[in-house]
J.: 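Right, I'll just put the structure down here and ask away after.
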Amino acid sequence: MSLPQPVRGTHDLLPEDYLRHAHVRETAREMASRFGYAEMATPIFEFTEVFARTMGESSDVVSKEMYSFESRSGESMTLRPEYTAGICRAFISNGLQQNVPFKAFAAGPMFRYERPQKGRQRQFHQIDVECIGAAEAKADIEVIAVGASILHKLGVLEHCTLEINTLGDQESREAYRAALVDYFSDHKSSLSKDSLDRLGRNPLRILDSKDKGDRILVENAPLFTDYLNSFSSEFFAEVLDGLSLLGINYELNRRLVRGLDYYTHTAFEFVTTALGAQGAVIAGGRYDGLIEMLGGKPTPGIGWAGGIERLAMLMDDVPIAERPIAIVPVGETAEAFTAKLAYQLRQEGLNIEMAFKGNVGKRMKRANKLNARAAVLIGEDELARNVCSLRDLDQGEQSEIPLSELSAALGALG
RNA sequence: GCGAACGUAGCUCAGUUGGUUAGAGCGCCUGACUGUGACUCAGGAGGUCGGGGGUUCAAGACCCCUCGUUCGCCCCA
């Protein structure tokens, strides 16, 4: 087969797939809206700086995964690899400091040049929730609650575990980072190759290493809790209390860290074991330093992103497309009348299917394939008497009703 | 970026130790049923065996390269 194929890591969303995606998106939009998060959108590409500065030059995303290109003006542009930086940029660009807390919901495609796997693509889609300008732990709790609600509404919460940790404030994080570097530097010889690399870029990551040797070292590594200042640990305790109050279950995961530079305090992930190596379906945290990195006034923020493909894969039942009513003209004489009838019924809000060609048998088959709820047959016979034959395709029962009652009868089908 | 497996009709897969015109099920099209779907029956279309090169009298099967998918690592939604 040398049929043209989509670019590696990209996928076509055929109607059935799209329906699942749409369901995730709509559900998320609706739940987020109940918490006061209004939908917005930012451009799919930004100046490269927006991502490079906020995510950290040394992060994997920036150093090797960005789809960057030079525009005709000679400036470096990048297809967004995540939503947070763009929304924060928009927050600054539009002077939204006036509107804090600024609570936003967004959804759309993201791009990362990665090795594709199940649940991991080069163009993928995310839903995203951000709360900017709130330093309170209540914001952390709310943002996580939005995520839990969406998962619950999608029917996948039971397949997920909320893992949570704190990275502390800047001061705590710096102190701990220094302690870790000290500790692991003394054991360089027994560190794995990957972790040696992490030591320079992001030492916190070593805590999450899957290497057996690293694990043993990690056992005796300094504990973050010993380096959290009192503000940080009290903040975290407040977040956990709030979650408990709402009945949102969580598991403390002291090894949970984030790859991106801008995270502080609360870090969390809703993870599942159902998707192989790609466990996270929703992940996020607090990013109190980010707005400042982008050149805005110091502004706290917290949010998360969820993978639509991953969520769609977790859903058990496929949402069913709306069922049409099939209009079937019998013989050419009825064509004109049925064409007009179909148009009218559509104006009235009904979902009408009418084939372009075919005899009654063909049209009935097509109606069946499209999962039509009923078929309305109209031929010379019916026309002459101002009636139609209404066939219930589920029950297999057919009856004749006056055309004047058709609209009401179809409405009553449910 | 690293390691491994896989790649045969639209889909899910058979294809014996390399040996004539490459098969099945589902789906699709046509007809039995020229005013009636789901069930049944009978026909039919559809494959340069991912692509390229090599070994051989002979390759879907073996070797190399390439593209793609999957699994793990890295990292992440």
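Numbers restart at 1 for each chain; the letters A, B, ... are given by sequence-line order, proteins then strands. A quick note: this is a predicted structure, and the numbers were derived from the prediction, not measured.
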J.: Please state how far atom OH in A/Y263 lies from atom C1' in B/C75, giving the value in whole angstrom units.
T.: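 Rounded to the whole Å, the gap is 14 Å.
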J.: Report the residues that fulfil side-chain hydrogen bond (donor to acceptor under 3.5 Å, both in side chains) with A/S149, sequence neighbours left out, ordered by chain and then residue number.
T.: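 Checked A/S149 against side-chain hydrogen bond (donor to acceptor under 3.5 Å, both in side chains); zero matches.
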J.: I'd like the P distance from B/A14 over to B/G25, given in whole Å.
T.: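 The same atom, P, in both gives a distance of 16 Å.
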J.: Rounded off to whole Å, could you give me the CG-to-P distance for the A/L370 and B/G27 pair?
T.: 16 Å
J.: Looking at CG of A/L252 and OG1 of A/T225, how far apart are the two atoms once the value is rounded to the nearest 0.5 Å?
T.: 10.0 Å
J.: Mind jotting down which residue pairs meet the salt bridge (Lys or Arg N to Asp or Glu O under 4.0 Å) criterion with at least one end in residues 144-171 of chain A? Sequence neighbours excluded, please.
T.: A/E30-A/K153
J.: Taking side-chain hydrogen bond (donor to acceptor under 3.5 Å, both in side chains) as the test, write out the residues that go with A/S244, two or more places apart.
T.: none
J.: Classify the nucleic acid contact of A/G358 as base, sugar-phosphate or nothing, counting any heavy atom under 4.0 Å across all strands shown.
T.: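 Counting heavy atoms under 4.0 Å across all strands, no contact is made by A/G358.
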J.: Give me the stems containing RNA chain B, sorted by first residue, counting only three or more consecutive Watson-Crick or G-U pairs with both distances under 3.5 Å; say none if there aren't any.
T.: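 RNA chain B stems, ordered by first number: B:1-7 with B:67-73, B:10-13 with B:23-26, B:28-32 with B:40-44, B:50-54 with B:62-66.
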J.: Considering only the C1' atoms, how many Å lie between B/A38 and B/G47, rounded to the nearest integer?
T.: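 Approximately 31 Å lies between the C1' atom of B/A38 and that of B/G47.
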J.: Does any pair with a residue in residues 379-394 of chain A pass salt bridge (Lys or Arg N to Asp or Glu O under 4.0 Å), and if so which ones, sequence neighbours excluded?
T.: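 Output for this query lists A/R323-A/D394, A/R373-A/D392, A/R373-A/D394, A/R385-A/E400.
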J.: CG of A/D197 versus P of B/C75: gap in Å, rounded?
T.: 8 Å
J.: In whole angstrom, what separates A/E309's CD from B/U69's P?
T.: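 Answer to the nearest Å: 14 Å.
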J.: Under the side-chain contact (heavy atoms from CB on, under 4.5 Å) rule, collect the residues that match up with A/P6, sequence neighbours excluded.
T.: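 A/T10, A/D12.
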J.: Which sits closer to the 5' end of RNA chain B, A/R8 or A/R310, going by the nucleotide each is nearest to?
T.: A/R8
J.: Tell me the interatomic distance from A/R80, atom CZ, to B/A77, atom P, rounded to whole angstroms.
T.: 14 Å
J.: Give A/E269 one of three labels, base, sugar-phosphate or nothing, depending on what nucleic acid heavy atoms sit under 4.0 Å from its own.
T.: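 A/E269: no heavy atom of the nucleic acid under 4.0 Å.
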J.: For A/E82, enumerate each residue passing the side-chain contact (heavy atoms from CB on, under 4.5 Å) test, keeping only those at least two apart in sequence or located in another chain.
T.: A/M55, A/T84, A/A85, A/R112, A/L260, A/Y262
J.: Could you work out the separation of B/U55 and B/U30 based on their P atoms and round it to a whole Å?
T.: 48 Å
J.: Under 4.0 angstrom, heavy atoms only, what part of the nucleic acid is A/R120 near: base, sugar-phosphate, or nothing?
T.: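 Base contact.
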J.: Under a 3.5 Å threshold, yes or no: a donor from one side chain and an acceptor from the other, between A/Y287 and A/E130?
T.: yes
J.: Suppose you measure atom P in B/G1 against the same atom in B/A22; what distance do you get, rounded to whole Å?
T.: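 Straight-line distance between the two P atoms is 39 Å.
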J.: With heavy atoms under 4.0 Å as the rule, sort A/G279 into base, sugar-phosphate or nothing.
T.: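 No contact.
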J.: Taking the nucleotide of RNA chain B with the closest heavy atom to each, which residue, A/G9 or A/F270, is nearer the 5' end?
T.: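 Per heavy-atom nearest nucleotide, the more 5' residue is A/G9.
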J.: Tell me the salt bridge (Lys or Arg N to Asp or Glu O under 4.0 Å) pairs involving residues 325-348 of chain A, sequence neighbours left out?
T.: A/E335-A/R363
J.: Describe the nucleic acid contact of A/A283 in one word from base, sugar-phosphate, nothing, applying a heavy-atom distance below 4.0 Å.
T.: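 Sugar-phosphate: the residue A/A283, judged by heavy atoms under 4.0 Å, touches backbone atoms but no base.
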J.: Taking protein heavy atoms under 4.0 Å as touching, what does nucleotides 29-38 of chain B look like 5' to 3' if B marks base contact, S marks sugar-phosphate-only contact and - marks none?
T.: -SS---BBBB
J.: Provide the distance between the two C1' atoms, one in B/G7 and one in B/G15, to the nearest whole Å.
T.: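 15 Å, rounded to whole Å.
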J.: Base, sugar-phosphate alone, or nothing: which one does A/E82 contact when heavy atoms must sit under 4.0 Å apart?
T.: nothing
J.: Using whole Å, what does the distance between atom P of nucleotide B/A77 and atom CD1 of A/I127 come to?
T.: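 One finds 13 Å between P of B/A77 and CD1 of A/I127, rounded.
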J.: Polar atoms only, N or O, under 3.5 Å: list the protein pairs with nucleotides 2-7 of chain B and their distances.
T.:
unit_1: B/C2; atom_1: N4; unit_2: A/R115; atom_2: NH1; d: 2.7

J.: Measure from OH on A/Y113 to C1' on B/A77 and round the result to the nearest Å.
T.: 20 Å
J.: Could you tell me how far B/G23 sits from B/C49 if I compare only their P atoms? Round to whole Å.
T.: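 Pairwise P distance, B/C49 against B/G23, rounds to 14 Å.
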J.: Which residues satisfy the side-chain contact (heavy atoms from CB on, under 4.5 Å) test with A/F111, sequence neighbours excluded?
T.: A/I44, A/Y67, A/L79, A/P109, A/Q123
J.: With A/H125, which residues qualify under side-chain hydrogen bond (donor to acceptor under 3.5 Å, both in side chains), at least two apart?
T.: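 Result, side-chain hydrogen bond (donor to acceptor under 3.5 Å, both in side chains) vs A/H125: A/E309.
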J.: May I have the step-by-step check of ring pair (Phe, Tyr, Trp, His ring centres under 6.0 Å) for A/H265 and A/F235, ending in yes or no?
T.: CA-CA 8 Å; A/H265 290 289; A/F235 186 89; 4.7 Å; yes
J.: Rounding to the closest angstrom, what is the interatomic distance between B/C11 and B/G3 at atom P?
T.: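 To the nearest whole Å, 31 Å.
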J.: When you compare B/U48 with B/U21, how far apart are their C1' atoms, in angstrom units rounded to a whole number?
T.: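 Straight-line distance between the two C1' atoms is 15 Å.
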J.: Can you check the A/D12 CG to B/G10 C1' distance for me, whole Å?
T.: 14 Å
J.: For residues A/S172 and A/S232, is any side-chain donor paired with an opposing acceptor at under 3.5 Å?
T.: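 A/S232 and A/S172 do have a side-chain donor-acceptor pair below 3.5 Å.
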